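Values in this document were obtained by computation on a predicted structure and should not be read as measured data.
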Amino acid sequence: MRAVVMKEFGPPDVLELAELPDPVAGPDQVAIDVAYASVTFVETQVRAGNGPFGSPVLPRVPGNGVGGVIVATGPGVDVSLMGKCVVATTGGTGGYAERAVARLSDVVPIPEGIGMRDAVALLADGRTALMLFKQAAIKAGERVLIEAAAGGVGSLLVQLALQAGAFVVGGSSSGQKAEVIRSLGAHSVDYSRPDWIELTREILARQGGTSSLDLVFDGVGGTIGTQASTLLRPGGRLSLYGVASGSETDTTKSHPIQVIGLSSAPSASETIALVKEALDLAAIGKIQPLIGQIYTLANAAQAHAAIEARATVGKTLLTTNRPSVSP
C-alpha cells in the first residue's frame, strides 16, 4: 500500500510517500480500505516536534481518523462487517495510508443520508463541536463570539449556536473567511485588524442592548483569546479548547468570568456517542461540515503547510483516490 511516512520531526517536507506492507487486523480489530483521512492542526504540531502530548516514536505513519470500507476482520470480529462503510479513529497513527487498522470499538458505521467525505470531516470536528456546545449550554438570545469561525470546528459551532437561537459573531483573519462566516448566517469580524474589539462592540450595539458578550468559544488563545475575553460581561462564559496561536489566553484582563475549559477528556464511550450524534445530525441536515480543501496522499506535506500558514478554510482531508472504495 501507499502511505505517508515520517522519519524525523521537522517542517512539512519530512512527510514522504512510501510503499509499505498492508497492515493486518489483529484480535478485535478491522482493516479498512481508506477513502479519506482527516488532517488536524494537532497533527502538524506533532510533526514539527511540539505536540501537546509529547513526541511519538519514529518512524511512523501519521493520522488518527479515516473513512472507508471494511475489507478484513481480525479474530473475534463478526465477518458480516465486511463491506461496511465506516469512519474510525486509529489510535493516533496509521491514518495517512491506503489501508488502516482500527479497534472495533473505535469504528462507527456511516448512516444513510451522509457521504463518506462529510462523515470523515465530522469524525474529529463534529464530536469536538458537539462537546463544546453541550458544555456551554447556550440559551436563546445570548450573544456569542466564535473564534476561527471558518474552521472545521468553528463552522460547526456557528451552526449549532444559531440553531440554539444565539446572536453569533464569527471571528477570522481574512476576507475570504469572513465571506464563509456570513454565508453560514453569522456576523463576521476580522481580528487581524487592530480595532477588531471596537468593531465587535459596534456589531453588538447595533443588535440592541449591551455591547458585551455572554459566551466566547476560544480555540486560538494568545492575544486574540485575551482580547476576546475582555468582551465578556461580568460572569460571562469563556470556553477554552485550543491554543492555535501557540500561547494561552490571559483571563486576568477581563471581568470576573466563568471559564469552562476542558477539565477532562471524554471517555471512549462518550467520544463514540458524540461521533454518532454528529453523523446523525448531518444525515438529517441539521449540521453540514465545511470541507475547504482535499489533498492526495502524495501532497500531505502541502496540506500541513497550508494549515500552518492559516491558508485553509474549514476541514482539510487527504484522499487516497482508490476506485475500489465508495465515495
Side-chain angles (χ1 to χ4, degrees), residues 125-173 177-193 195-245 249 251 253-262 274 277-278 281 286-290 313-314:
D125 291 353
R127 69 178 182 240
T128 300
L130 272 177
M131 177 175 60
L132 295 170
F133 174 71
K134 291 173 183 287
Q135 287 177 333
I138 298 173
K139 301 179 182 66
E142 287 194 312
R143 298 161 179 242
V144 179
L145 171 69
I146 300 170
E147 298 168 8
V153 173
S155 60
L156 292 170
L157 284 172
V158 168
Q159 296 172 60
L160 291 167
L162 288 171
Q163 289 175 22
F167 178 83
V168 179
V169 179
S172 68
S173 58
K177 294 179 180 180
E179 292 177 8
V180 170
I181 293 166
R182 287 193 290 268
S183 73
L184 294 172
H187 294 261
S188 175
V189 65
D190 181 350
Y191 46 51
S192 68
R193 294 182 50 154
D195 60 344
W196 81 274
I197 291 294
E198 290 75 17
L199 292 174
T200 303
R201 291 195 185 280
E202 290 176 8
I203 292 171
L204 294 170
R206 288 198 297 271
Q207 197 248 346
T210 178
S211 59
S212 59
L213 293 164
D214 298 290
L215 171 66
V216 171
F217 285 106
D218 175 23
V220 176
T223 300
I224 298 301
T226 301
Q227 291 175 329
S229 70
T230 66
L231 287 165
L232 285 165
R233 61 172 173 78
R237 311 189 300 289
L238 179 66
S239 174
L240 296 174
Y241 70 95
V243 287
S245 66
T249 293
T251 59
K253 304 296 184 183
S254 63
H255 299 293
I257 57 176
Q258 179 186 359
V259 177
I260 51 175
L262 302 178
L274 287 167
E277 184 176 356
L281 287 173
K286 290 293 187 180
I287 58 174
Q288 174 68 45
L290 174 63
V313 174

Fill in: Test log, rule side-chain contact (heavy atoms from CB on, under 4.5 Å), inputs Tyr191 and Leu145
CA-CA 12 Å; Tyr191 46 51; Leu145 171 69; over 6 Å; no

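- In plain terms, the two heavy atoms of Ile260 and Arg237 that are nearest each other are CD1-CB, 4.3 Å.
- Taking CZ from Arg193 and CG from Leu199, the interatomic distance works out to 4.5 Å, rounded to the nearest 0.5 Å.
- Considering all non-hydrogen atoms of both residues, Ala278 and Leu130 come closest at N-CD1, 3.5 Å.
- Separation of atoms CG (Leu232) and OG (Ser212) is listed at 8.0 Å; rounding is to 0.5 Å.
- In this structure, Leu215 CG and Leu231 CG are separated by 12.0 Å, a value rounded to the nearest 0.5 Å.
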Worksheet entry | Residue pair Leu204, Thr210: steps toward the side-chain contact (heavy atoms from CB on, under 4.5 Å) verdict | CA-CA 7 Å; Leu204 294 170; Thr210 178; over 6 Å; no

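- Judged purely by atom type and a 3.5 angstrom limit, Ser183 uses its side chain to pair as donor or acceptor with the backbone of Val180.
- Note: Leu184 CG to Arg182 CZ = 11.0 Å, rounded to the nearest 0.5 Å.
- Listed by first and then second residue, the ring pair (Phe, Tyr, Trp, His ring centres under 6.0 Å) pairs involving residues 208-231 amount to none (not counting sequence neighbours).
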Practice prompt. Please assess His187 against Arg206 for the test side-chain contact (heavy atoms from CB on, under 4.5 Å), listing each intermediate value before the final yes or no.
Written response: CA-CA 11 Å; His187 294 261; Arg206 288 198 297 271; 5.6 Å; no

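- When every heavy atom of Ser155 is checked against every heavy atom of Leu290, the shortest pair comes out as OG-CB, 3.6 Å.
- By the 4.5 Å heavy-atom criterion applied to side chains, Arg127 and Met131 are not counted as neighbours.
- Using modelled atom types, one side-chain atom of Gln163 and one backbone atom of Lys286 make a donor-acceptor pair closer than 3.5 Å.
- Between Asp214 and Arg233, at least one side-chain nitrogen of the basic residue sits less than 4.0 Å from a carboxylate oxygen of the acidic one, meeting the salt-bridge criterion.
- Proximity of a side-chain donor or acceptor of Ser245 to a complementary backbone N or O of Val220 within less than 3.5 Å is detected.
- Heavy-atom minimum distance, Glu147 versus Ala228: OE2-CB, 3.4 Å.
- The residue from Val243, Ile146, Val259, Thr249 that alone fulfils the side chain to side chain contact (heavy atoms under 4.5 Å, CB included) condition with Asp218 is Thr249.
- Minimum interatomic distance between Ala166 and Ile138 (heavy atoms only, all atoms of both residues): CB-CG2, 3.8 Å.
- A 4.5 Å side-chain heavy-atom check between Leu157 and Val144 finds every atom pair outside the cut-off.
- Residue Leu238 comes nearest to Ser229 through the heavy atom pair CD2-CB, 4.3 Å, listed as atom of the first residue, atom of the second, then distance.
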Practice prompt. Evaluate side-chain contact (heavy atoms from CB on, under 4.5 Å) for Trp196 paired with Ile224, printing each intermediate quantity in order.
Written response: CA-CA 10 Å; Trp196 81 274; Ile224 298 301; 4.2 Å; yes

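- Rounding to the nearest 0.5 Å gives a distance of 11.5 Å between NZ of Lys177 and OG of Ser188.
- Annotation: the span from Phe167 atom CZ to Ile203 atom CD1 amounts to 7.0 Å, rounded to 0.5 Å.
- When atom types are taken as modelled, the side chain of Gln159 and the backbone of Gln288 share a donor-acceptor pair closer than 3.5 angstrom.
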